[in-house]
Amino acid sequence: MDNVYPLSLRRKRQSKKIRNLFDTVRLEPQQLIQPYFVYENLHEAEPLNSIAGQYRHNLESLKKTIEHGWRQDISTVLLFFIPAKKTFHYDFDAQVLQELSQTFGQDIVLATDICLCSHSLTGHCGLVDEEGRVDNNSSVQELVRRSLIHAQAGSDLLSPSDMMDSRIQAIREALDTHHFHESMIMSYSSKFSSAFYGPFREAAEPAAGFDNRKSYQIDYRNPQDAIESSLRDTREGADILMVKPGGAYLDIIYQIKHHPKLSHQLLASYQVSGEYQGLQLMAQHQMVSFKEAYLESLYALKRAGSDLIITYGANDFKKLNQEQK
Ligand code: PBG
């Protein structure tokens with residue numbers, strides 16, 4: 001028998017307090033990760049034109065903003081290192097990491113991007129052979145080398161964003177061999193070849209290969225690949241999986257979170273530079289309220305199944321979210 005009472009869905013929406021009572025999708029600052037760009041030989045912090053509110057940091061300004069974020073309950077940060085010269089040297093990374101782990105100890109979880117693209121003259125995320133192809137195995141070896149340097153210097157969560165095959169297994173084995181049993185890996189397991197990375201270019205300063213990453217990033221017309229690489233990276237030892245970009249790939253987030261062999265994994269999604277800056281630009285043109293559009297976009301990522309969200313506005317979330325309630 002059908003319900004005899006007339007169904008009212010509006011009853012639960014009648015006031016702010018009642019709406020809050022019925023809200024079942026909860027997002028907390030602890031579930032957000034704030035990315036930062038840290039530059040070698042930078043005299044003082046400079047705002048980035050392409051991502052509103054974000055900076056090129058030096059160590060000093062980075063420490064200050066990490067502390068500011070920590071006061072807003074953001075305790076996980078994702079660092080991108082931009083070297084002064086395009087060579088595969090990681091002394092700067094190590095120096096920054098040592099200093100941060102000394103300053104923050106266990107108060108902050110340090111995730112570090114280990115991709116080679118900001119270091120390489122070709123702008124690719126891997127090493128290029130004589131024929132101009134991105135070579136998988138030598139790239140993986142270089143990623144392993146960088147991972148060990150980061151782990152040694154204090155990175156808690158190594159984050160390979162390159163999309164080379166079998167890198168997770170190679171990194172995990174090397175970490176274990178060198179007794180870094182506690183170092184974790186956040187795999188960019190579902191990284192699509194996307195136009196939404198555009199504004200990131202100014203921040204990370206890759207050379208010209210930036211626009212041509214289709215030989216290693218996932219084609220968005222082939223979503224099954226994202227499931228396959230999530231399964232593979234899980235088998236190879238990834239501690240956290242990721243979908244990137246997030247907003248244009250909610251179906252992928254949902255599928256991974258509901259997959260019988262993947263649902264146990266912690267799943268992050270990355271609201272990338274273009275997705276974030278798009279909202280900023282609409283707000284600058286008075287087309288939307290940034291606060292409202294931003295919160296809506298984050299809750300969509302959460303609802304789809306993200307356990308963690310990487311977003312450029314993480315440090316502002318607590319305040320915005322409280323104002324909304
Ligand atoms: C590079 C990398 C990219 C981003 C993070 N790491 C760009 C790319 O792979 O093409 C994009 C992040 C963003 O747009 O916010 N390994």
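Here, residue 1 is the first one in the sequence, and each next residue gets the next number. One-based numbering, in listed order, for ligands and for the atoms of each.
In this structure, Tyr276 does not count as a contact residue of ligand 1, since none of its heavy atoms falls inside 4.0 Å of the ligand. The closest approach between a heavy atom of Tyr270 and any atom of ligand 1 is below 4.0 Å.
Listed by chain and residue number, Glu323 satisfy the salt bridge (charged side-chain N to carboxylate O under 4.0 Å, His left out) test with Lys319 (two or more places apart in sequence, or in another chain).
For the pair Lys191 and Tyr216, the NZ or CZ position fails the cation-pi test of under 6.0 Å to the six-membered ring centre and within 45 degrees of the ring normal. Note that Lys244 lies in the cation-pi zone of Tyr197, set by a 6.0 Å cut-off to the ring centre and a 45° limit from the axis.
Around atom 5 (C) of ligand 1, the closest heavy atom drawn from Lys244, Gln54, Arg201, Gln217 belongs to Lys244. Comparing Gly123, Gly198, Ser161 against atom 16 (N) of ligand 1, the shortest heavy-atom distance belongs to Ser161.
Screening Lys63, Arg71, Lys64 against Glu67 for a side chain to side chain donor-acceptor pair (under 3.5 Å) leaves a single residue, Arg71.
Using a 4.0 Å cut-off between a side-chain N of Lys or Arg and a carboxylate O of Asp or Glu, Lys214 and Asp219 do not qualify as a salt bridge. Classification of Arg146 and Asp93 as a salt-bridged pair holds, one side-chain N sitting under 4.0 Å from a carboxylate O.
For ligand 1, the polar-atom distance check against Gln271 finds no nitrogen or oxygen pair separated by under 3.5 Å.
Each of the atoms 1 (C), 16 (N) of ligand 1 lies under 4.0 Å from some heavy atom of Cys117. Applying the 4.0 Å criterion to heavy atoms of Lys191 picks out, from ligand 1, the atoms 1 (C), 2 (C), 3 (C), 6 (N), 8 (C), 9 (O), 16 (N). Those atoms of ligand 1 that come under 4.0 Å of a heavy atom in Cys125, given as number and element, are 16 (N). Atoms of ligand 1 lying under 4.0 Å from any heavy atom of Tyr312, numbered from 1 in the order shown and given with element: 12 (C), 13 (C), 15 (O). Below 4.0 Å from some heavy atom of Cys115 lie the following atoms of ligand 1, by number and element: 16 (N).
Residue Phe290 qualifies as enclosed at atom CZ: its count of foreign heavy atoms under 6.0 Å is above 12.
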